[in-house]
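Reviewing the structure listed below.
One-based numbering, in listed order, for ligands and for the atoms of each. We use all heavy atoms of the structure for the numbers below, so side chains are in, but hydrogens, waters and symmetry mates are not.
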Amino acid sequence: MRIYDFDRAIVRTPAKTVVNGLRAAKSPDPSYDKLQKQHHNYVTALRNAGVSVIELEPLDAFPDSVFVEDPALVFTSGAIALRPGASSREGEAQEILPTLEQHFSTVVSISNGYVDGGDILATPSKIFIGLSKRTNRQGAKELARILFDFGFRSEIVTTPSEILHFKTGCALIDDETILATGPLAATDLFSDFRVLTIPDGEDAAANSLRINDTLLVPEGFPRTTEILARHTENIIEIDVSEVAKIDAGLSCMSLRWKSAR
Ligand code: CIR
């Protein structure tokens, strides 16, 4: 089984309040209607990639709750309820907990510090935990201990300060290959991998998402797509322009795992 082999995913329908989602820069509010359509297309792409999708109800009290990747981390062997580092998002972990308990026999919760799932990059050899504005050392260390109990090796690393999450800047493309922005490619973090560096001006292409034999990439980054096409056959471009206005991308909108059968 490859680390990007998945047959299940959890998504959450965007709430109307998503237009108030957090963002670092003064970008315009997303359009709810467009965002909803783009989310629908994303869910269709997950299904087409071979995943059975569980759709959760919208949560108006949590504008960013469509980004289910941040309050949890899931594996075949169990789920971890995280502690999102933005105060408006902390309650999202409690909201998703019953769904985790329904689908996993082992569910563990982070109880110290903060960790956002967007800072976690799982690769075949180790799981990177990026320290960021949302993930602190205390949370990262507790997560590393839990991952160890799950049988995973992890490495705590630093997310470049100009991006929100570690995975805002990189993605696993296949067992040996990482797609990364210039600043992350310039570090030695990925010395065990082949690194595909994103051309200048296309950094938002970094949050791509490998699912089974499909690589979902954000639409509108032709030079990155051309580079990826030399390594991967089945590339599907998805328009995520509305969630991009609130600092999100493809990985943020689902929790993916391979069920134990
Ligand atoms: C936030 O700032 O928390 C949301 N507006 C965006 C979250 C993106 N999530 C992710 O990259 N995993």
How far is [atom] from its nearest protein heavy atom, and which residue and atom is that?
{"atom": "atom 2 (O) of ligand 1", "result": "Arg134 NH2, 2.9 Å"}
{"atom": "atom 6 (C) of ligand 1", "result": "Ile246 O, 3.3 Å"}
{"atom": "atom 10 (C) of ligand 1", "result": "Cys252 SG, 2.8 Å"}
{"atom": "atom 9 (N) of ligand 1", "result": "Asp70 OD2, 2.8 Å"}
{"atom": "atom 4 (C) of ligand 1", "result": "Asp64 OD1, 3.2 Å"}

Quick one: does [X] get an N or O within less than 3.5 Å of an N or O on ligand 1?
{"X": "Thr168", "result": "no"}
{"X": "Leu22", "result": "yes"}
{"X": "Arg89", "result": "yes"}

### Message
If hydrophobic clusters are built from ILVMFWY residues whose side chains come within less than 4.5 Å, do Leu215 and Leu179 share one?
### Response
yes
### Query
Parallel, tilted or perpendicular for Tyr42 and His39, by the 30°/60° rule?
tilted
### Task
Hey, can you tell me if Phe190 and Phe128 have their rings parallel, tilted or perpendicular (30° and 60° cut-offs)?
perpendicular
### Residue Gly118 vicinity, atoms of ligand 1 by number, heavy atom under 4.0 Å
12 (N)
### Element-labelled atoms of ligand 1 that are located less than 4.0 Å from some non-hydrogen atom of Asp247
6 (C), 8 (C)
### Message
Under 3.5 Å, is there a donor on one side chain and an acceptor on the other for Ser241 and Asp239?
### Response
yes
[X] near ligand 1, heavy-atom distance under 4.0 Å?
{"X": "Lys167", "value": "no"}
{"X": "Arg23", "value": "no"}
{"X": "Leu164", "value": "yes"}

#### Entry: Qualifying residue, where the test is salt bridge (charged side-chain N to carboxylate O under 4.0 Å, His left out) with Arg2 and the options are Asp175, Asp213, Asp174
Asp213
### Task
Taking only Lys NZ, Arg NE, NH1 and NH2, and the carboxylate oxygens of Asp or Glu, determine whether Lys167 and Asp116 approach each other closer than 4.0 Å.
no
### Message
Under 4.0 Å between a side-chain nitrogen and a carboxylate oxygen: does that hold for Arg134 and Glu69?
### Response
no
### Residue Glu176 excluded, over 12 heavy atoms near CD under 6.0 Å
yes
### Query
Is there a side-chain contact between Asn207 and Thr168 (heavy atoms, below 4.5 Å)?
no
